[in-house]
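Fair warning: this is a prediction, and the values are worked out from it, not measured in the lab. A, B, ... follow the sequence lines: proteins, then strands. Residue 1 opens every chain.
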Amino acid sequence: MPSPGLPPPAAALLADVGALRRSSRGGVASLSASARALHGLAVAAGYAGDTFVASAFTKLYSTLSRGDDARKVFDAVPSPDTVLWNTLLAVLSRSEAMEAFVRMVRAGSAQPDSTTLSSVLPAAAEVADVTMGRCVHAFGEKCGLAQDEHVVTALISLYAKCGDTECARRLFDRMVVPDLVAYNALISGYSVNGMVGLSVELFKDLVTLGLRPTSSTLVALIPVHSPFGHEQLTRCLHAYVVKAGFDANAPVLTALTTLYCRLNDMDSARKAFDAMPEKTMESWNAMISGYAQNGLTEKAVALFQKMQALNVPPNPLTISSTLSACAQLGALSLGKWVHKIISKENLELNVYVITALIDMYVKCGSIVEARRIFDRMDNKNVVSWNVMISGYGLHGQGAEALKLYKDMLDANLLPTSSTFLSVLYACSHGGLVEEGRTAFRSMTSHYGFTPGIEHCTCMVDLLGRAGRLKEAYELISEFPKSAIGPGVWGALLAACMVHKDADLAKLASQKLFELEPENTGYYVLLSNLYTSKKQYSEAAGVRQEAKSKKLVKTPGCTLIEIGDKPHVFMAGDRAHPQSDAIYSYLEKLTTKMIEAGYRPDTEAALYDVEEEEKEHMVKVHSEKLAIAFGLLNTEPGTEIRIIKNLRVCLDCHNATKIISKVTQRLIVVRDASRFHHFRDGVCSCGDYW
DNA sequence: GTAGGGTTAG
């Protein structure tokens, strides 16, 4: 209810805001226009500085996923009161809320109350900042607010989330009569820490006491944070959910959807999702991000399209997840479409969304567009920098990556271990050996990180590519034991293959066959190496061994988009309607290519171990088909973009270089590990991939 | 006009 002292127009305004908010349940972004109009009226009527009106609008904008607008409303109030501060704190996330709390205490004009602490503590809990949490706890003790039921519950949750379940339990046991919410907090605390037995026990206590579990109780019980090893419990819980009549409850089914996604059981996840008659924003987001994180990118995009078709407006989180799917898919036209939706729906461009956009443009081949967005971004965080640095690495622009890394340090940002991975990767793919060594050293000695598997793999790759095989081999012995595995030996083997060192290759393979007997790739590499050294019987032996293990090679395929339509080609594919035209064009093209100096390289055929040799001579790799199709169906001068699921082979790499020359086209190829930009007979990777 | 427990992101 509006406050009694407020003049009638303001009271009416607050009523309108309330009505708008109630109608917006589920986060209806299209309502933000009405919200803005109403807010405009309020400002025009002179209420911009009124704490009651500001509080209502702050909350309204937050409901509409417009954190930026909510903050602006707050900033327009010269002397915010306690309630307005509290509203802001509830809107802000994580570190922002904690910073704002510090500002509030420093400003001293409005006294924090129990509501204030109940808003700040969850923020500290979310980032598991136990130090900050303890400070707030001490502050509460000093002000006599620490006995408040809401505050105690928030503290229970905080300590539990920070891993101190014993402290949480002590607080719980000290409560005179813990209510349902306090139970829920501790149940969730145990669950988050994987102490599923204790959380189930507490749940039983609660039922015995005659408290009625709510959807929040069940959500707390669902072990989304430690799903593995709890498949049995998951089934029991699901059965209980049905029995207790929560089988259409959105929060509960959303949590189950999430849990199944984490268990990689996508069919069950989808069933839980479909069982919700009324889906919330969270339900859609859980399913879409679940698909995206499990690599089911087409399904993620399809679900987003369904959401669009049903006129359910997305929020920033939906967009981030969908963009992540587009990035993995490499589908630029889809990514651009999502980009347009952001403007159409007038969604908040928060740091997640912009970073996801940059990542999408990078992975869909538009490094220039990615950089444009990055430069215009004024709220960059470490992840934004990491994404851009790794983008340059992916596109083989090592020097640019290093320059950006330096800018990042100059901007006083602390690099994370992902930053170093991006830098090392960029050095490796750019042939920057000394720079890579320096970065690796500073990572451990200056920044105190323990190198992970990925970092070590990158270093072996870096030295190995540069032909410093012995150094690479010696470096392995300096790595932490936890990092020495198939990744590191695989990198060494690949380098041995490039530089044709059969002895070291044999050593690396031996390790690999022990570590990963199921992986075909290593057999392929070794066999290929023997062949290139004309050690045919050794090569045959390795291939025989691979065959006897019935190892299956992932079939290669290439995607190309013409207009908005994707076309996928497999090796030797004749399924495409334009197949005849493609093959005859390819024949003509090959003649021209040979005139320009192209020599077909059949060594590449030996990659396909499990196939009959003669088949390879006939088969055409999928990237050649896709390029020919692209050339046939686009105007001269248009650039061609293709995406291959495996790494591009040597022959196709050579062929593409020549094609870019004889046709005068820019050809951008995304393979399994990086981008190649072919222009006028030269590839951006410098034949160094 | 505000708050404690739960699900979603780069």
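- Side chain of Leu317(A), nearest nucleotide from dG10(B), dT2(B), dA9(B): dA9(B).
- Atom pair Glu126(A):CD and dG4(B):P shows a separation of 12 Å (rounding to whole Å applied).
- Listed nucleotides dG4(B), dT7(B), dA9(B) differ in distance to His225(A); the shortest reach to its side chain belongs to dT7(B).
- Under 4.0 angstrom from either OP1 or OP2 of dA3(B) there lies at least one side-chain N or O belonging to Lys59(A).
- Among the nucleotides dA3(B), dT7(B), dG5(B), the one closest to the side chain of Ser114(A) is dA3(B).
- Between the C1' atom of dT8(B) and the CG atom of Asn294(A) lies a distance of 14 Å, rounded to the nearest Å.
- The listed nucleotides are dT2(B), dG10(B), dG4(B); the one nearest the side chain of Asn86(A) is dT2(B).
- Listed candidates were dA3(B), dT2(B), dT8(B). Nearest to the side chain of Asn285(A) is dT8(B).
- In summary, the side chains of Asn86(A) and Asp113(A) do present a donor paired with an acceptor at a separation below 3.5 Å, with no hydrogens or angles considered.
- With 3.5 Å as the limit, one finds a donor-acceptor pair spanning the side chains of Thr419(A) and Thr416(A).
- Ranking dG5(B), dG10(B), dA3(B) by closeness to the Thr115(A) side chain, first place goes to dA3(B).
- Val83(A) comes within 4.0 angstrom of a base, heavy atoms only.
- Residue Ser216(A) is in base contact, counting any heavy-atom pair closer than 4.0 Å across all strands shown.
- Looking at heavy-atom distances under 4.0 Å, Asn350(A) makes contact with a base.
- Nucleic acid contact for Asp113(A): none, since no nucleic acid atom lies under 4.0 Å from a heavy atom of the residue.
- Judged by atom type and distance alone, Asp179(A) reaches the base of dG4(B) through a side-chain donor-acceptor pair under 3.5 Å.
- Nucleic acid contact for Leu221(A): none, since no nucleic acid atom lies under 4.0 Å from a heavy atom of the residue.
- In this pair, Trp284(A) and Phe273(A) present their aromatic rings perpendicular. The plane angle is above 60°, beyond the 30 to 60° band.
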Side-chain donor-acceptor pairs of residues 181-189 of chain A under 3.5 Å, sequence neighbours excluded:
from: Asn184(A); atom 1: OD1; to: Thr217(A); atom 2: OG1; distance (Å): 2.9

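- In summary, the side chains of Asp68(A) and Asn350(A) do not present any donor paired with an acceptor at a separation below 3.5 Å, with no hydrogens or angles considered.
- Closest contact between the side chain of Asp148(A) and the listed nucleotides dA3(B), dT2(B), dT8(B) involves dA3(B).
- Taking only side-chain atoms of Asn381(A), from C-beta outward, the nucleotide of dG10(B), dG4(B), dG5(B) with the closest atom is dG10(B).
- For Asn184(A) against dG4(B), a side-chain-to-base donor-acceptor contact under 3.5 Å is absent.
- Taking the 5.5 Å centre cut-off and the 30° plane limit, the aromatic side chain of Tyr352(A) is not classed as stacked on dG10(B).
- Remark: the Ser418(A) side chain and the Asn386(A) side chain contain no N/O donor-acceptor pair separated by less than 3.5 Å.
- Regarding contacts with the backbone of dT8(B), every side-chain N or O of Gln293(A) stays at 4.0 angstrom or more from both OP1 and OP2.
- With distances taken from any side-chain atom of Thr214(A) to the nucleotides dT7(B), dG5(B), dG10(B), the minimum falls on dG5(B).
- Rounded to an integer number of Å, the gap from CG of Leu211(A) to P of dG5(B) is 18 Å.
- Remark: Glu149(A), His150(A), Thr153(A), Ser157(A), Lys161(A) in residues 149-161 of chain A come within less than 4.0 Å of DNA chain B through at least one heavy atom.
- For Ser119(A) against dA3(B), a side-chain-to-base donor-acceptor contact under 3.5 Å is absent.
- Side-chain contact of Thr58(A) with Thr87(A): a donor-acceptor pair under 3.5 Å is absent, judged by distance alone.
- Rounded to whole angstrom, the span from the CH2 atom of Trp284(A) across to the P atom of dA9(B) amounts to 17 Å.
- At the heavy-atom level, Thr51(A) lies under 4.0 Å from base atoms of the strands shown.
- Electrostatic pairing of Arg371(A) and Asp375(A) counts as a salt bridge here, judged by a charged N lying under 4.0 Å from a carboxylate O.
- Here the shortest heavy-atom pairing between Gln111(A) and Thr82(A) reads O-OG1, 3.0 Å.
- Distance, Leu92(A) CG to dT2(B) P: 16 Å, rounded to whole Å.
- Look at CG on Leu259(A): it is 12 Å from P on dT7(B), rounded to the nearest Å.
- Here the side chain of Val351(A) is nearest to one of dG5(B), dG10(B), dT7(B), namely dG10(B).
- One interatomic measurement links the two molecules: CD1 of Ile288(A) to C1' of dG10(B), which rounds to 16 Å at whole-angstrom precision.
- Atom CD1 in Ile354(A) sits about 14 Å away from atom C1' in dA9(B), given to the nearest Å.
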